[in-house]
Amino acid sequence: MTENDAVWVKNLTKRFGKDFLAVDGISFRVERSAIYGFLGPNGAGKSTTIRMLCGILLPTSGRGEVGGFDIMKQSDKIKENIGYMSQKFSLYDDLSVRQNLEFYAGIYRVPRKKRAQRIAETVEMAGLRGLEDNLTGALSGGWKQRLALGASILHEPSILFLDEPTAGVDPISRRKFWDLIHDMKKKGVTVFVTTHYMDEAEHCDTLSLISAGQIIASASPRALKSDAISGALLNVSAEPMGEAIKIFNASPAFESAQIFGSAIHVTARDQGDVAAAARTLLESKGCRVQGVEIIRPSLEDAFITLIQKQTRGEMDRFDGGAK
């Protein structure tokens, strides 16, 4: 672990029973004062990883440190020095906003002489001023989310773990929540967040894509979008759509084709005059083509491409360039 690392792990593995490998020998580092994201589908191993890093689950094997504490031997120290907010963070609906914060200030052992100040600062940070005496159960999902975040940082941790923190929250509340995360980063807090929302993943300095317990790519979002797809990406409007996909997937000139909204995203194997080639191919097979254009890959395009390559056994781990 270097002085610039807030978290590092090597060959981190977690098995449940004999047959279920939830996390499969992953390795990564998280720089201090950075936002590090884990992006992946449900069941990919995101929550299991974060629970091992937070000292909640003991790894089956591997090594690592969080804030300088050993994940195998010092789980209690880790818990004392981090903030952790899960999708199901326990707020007490029959307590007021202030009472919830007072309760968690006690749980996190905030010194009594500092509690009033820290609660006031947290209320201000989370935009909860004027709601201190409201029952938590009467708050909307977005307000509860902000309260949960505030409760998790009352003790001023230098590392904050957020496990699917915005699941089920409306887009406007999610955007405001990420404004708070960026504010914490500016204050020097390291943020480790798991998500399956592509727009949220764009906020991360470094993003690791995890699938079936393995990290298959790790880079900045910009590097993932620009480098994960080697050939051109086409947006194709054609009918019948299902037949067009079969034609592309059967052609050696194209790597893959997937439905993307009302169109098809097609990955070509090179950067030549692929738009004209795609149109000619479809029309020769009797498809009606409304439009073909070369587009810039989105993060979702990069993610789908890398998952497909992993499934086909066609890739090593992708590590992109600098931020």
Side-chain angles (χ1 to χ4, degrees), residues 37-44 46 164 166-172 174-175 178 194-204 207-212 216-315 318 320-321:
F38 249 26
L39 174 67
N42 292 332
K46 303 188 303 295
E164 302 276 2
T166 61
V169 179
D170 66 270
I172 294 176
R174 286 202 289 127
R175 186 178 306 149
W178 273 93
T194 70
T195 184
H196 58 264
Y197 292 117
M198 297 293 167
D199 59 330
E200 290 190 353
E202 296 274 5
H203 291 279
C204 299
L207 186 64
S208 286
L209 307 185
I210 184 168
S211 174
I216 61 172
S218 189
S220 69
R222 177 178 294 181
L224 284 169
K225 288 186 288 185
S226 64
D227 299 340
I229 299 175
S230 56
L233 181 68
L234 303 176
N235 187 77
V236 178
S237 297
E239 294 291 342
M241 186 178 289
E243 185 62 27
I245 290 174
K246 291 180 182 178
I247 292 168
F248 281 125
N249 285 333
S251 170
F254 299 96
E255 187 173 333
S256 65
Q258 298 287 330
I259 293 176
F260 202 94
S262 60
I264 306 168
H265 279 196
V266 183
T267 304
R269 295 190 181 277
D270 59 45
Q271 297 277 356
D273 191 9
V274 291
R279 179 182 289 274
T280 299
L281 174 63
L282 291 180
E283 290 178 343
S284 70
K285 301 291 186 179
C287 290
R288 300 182 300 279
V289 181
Q290 289 83 43
V292 181
E293 62 177 335
I294 296 176
I295 60 172
R296 291 181 180 273
S298 67
L299 193 54
E300 185 172 355
D301 291 313
F303 182 60
I304 291 172
T305 297
L306 291 167
I307 290 289
Q308 289 174 336
K309 288 183 178 180
Q310 181 202 32
T311 301
R312 297 193 299 262
E314 296 178 358
M315 65 170 289
F318 171 86

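All heavy atoms count here, side chains included; hydrogens, waters and symmetry mates do not.
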Q: Which pair of heavy atoms, one from F248 and one from A278, lies closest together, and at what distance?
A: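 In this case the closest contact between F248 and A278 is CE2-CB, 3.8 Å.
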
Q: Can you tell me how far CD1 of I229 sits from CD of Q271, rounded to the nearest 0.5 angstrom?
A: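 Output value for this atom pair is 10.0 Å.
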
Q: Quick one: does F303's side chain get under 4.5 Å of L224's, heavy atoms only?
A: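 They are not in side-chain contact.
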
Q: Which heavy atom of G40 sits nearest to which heavy atom of H196, and what is that distance?
A: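 Nearest pair, atom of G40 first, then H196: O-CB, 3.5 Å.
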
Q: Write down the atom of G37, the atom of C204, and the distance for their closest heavy-atom approach.
A: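 What the structure gives for the nearest pair is CA-SG, 3.5 Å.
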
Q: Calculate, to the nearest 0.5 Å, the distance between atoms CG and CG belonging to L209 and L299 respectively.
A: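 The CG atom of L299 is 7.0 Å from CG of L209, to the nearest 0.5 Å.
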
Q: First locate atom CD of E202, then atom CH2 of W178, and finally report the distance between them rounded to the nearest 0.5 Å.
A: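 One finds 11.0 Å between CD of E202 and CH2 of W178.
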
Q: Parallel, tilted or perpendicular: which fits the ring planes of H265 and F260, with parallel below 30° and perpendicular above 60°?
A: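 Parallel: the ring planes of H265 and F260 meet at under 30°.
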
Q: Using a 4.5 Å cut-off on heavy atoms from C-beta on, say whether the side chain of Q258 contacts that of D301.
A: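 The answer is no, as the side chains (C-beta and beyond) never meet within the 4.5 Å cut-off.
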
Q: Do I210 and T194 come within less than 4.5 Å of each other through their side chains, counting heavy atoms only?
A: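 A side-chain contact is absent here, since even the closest heavy-atom pair is not under 4.5 Å.
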
Q: Would a distance-only check, ignoring hydrogens and angles, find a side-chain to backbone donor-acceptor pair under 3.5 Å from N249 to A257?
A: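 Such a contact is found between N249 side chain and A257 backbone.
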
Q: Can you give me the closest heavy-atom contact between I259 and G261, atom names plus distance?
A: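 Closest approach of I259 to G261, heavy atoms only: CG2-O, 3.6 Å.
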
Q: Taking all heavy atoms of R279 and all of V292, pick out the closest pair and write down the distance.
A: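 So the minimum-distance heavy-atom pair works out to NH2-N, 3.9 Å.
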
Q: Would you please test R174 and E200 for side chain to side chain contact (heavy atoms under 4.5 Å, CB included) and show each step?
A: CA-CA 8 Å; R174 286 202 289 127; E200 290 190 353; 3.2 Å; yes

Q: Out of curiosity, I264 CD1 to S237 OG, how far, rounded to the nearest 0.5 Å?
A: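 Going from the CD1 atom of I264 to the OG atom of S237 covers 8.0 Å.
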
Q: Using only atom types and a distance under 3.5 Å, with no angle test, would you say the side chain of E239 pairs donor to acceptor with the backbone of A244?
A: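 Side chain of E239 to backbone of A244: no pair is present.
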
Q: Heavy atoms only: give me the nearest F38-K46 pair and the separation to one decimal.
A: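 In terms of heavy atoms, the two residues are closest at O-CD, 3.7 Å.
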
Q: Do T305 and L233 come within less than 4.5 Å of each other through their side chains, counting heavy atoms only?
A: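 No, side chains not in contact.
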
Q: To the nearest 0.5 Å, tell me how far I304 CD1 sits from S298 OG.
A: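 Output value for this atom pair is 7.5 Å.
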
Q: Taking atom OG of S218 and atom CG of L39, what is their separation to the nearest 0.5 Å?
A: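 It is 11.5 Å, given to the nearest 0.5 Å.
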
Q: Using a 3.5 Å distance criterion without hydrogens, assess whether the side chain of S284 forms a donor-acceptor pair with backbone atoms of L281.
A: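 Flag set: sc S284 to bb L281 pair under 3.5 Å.
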
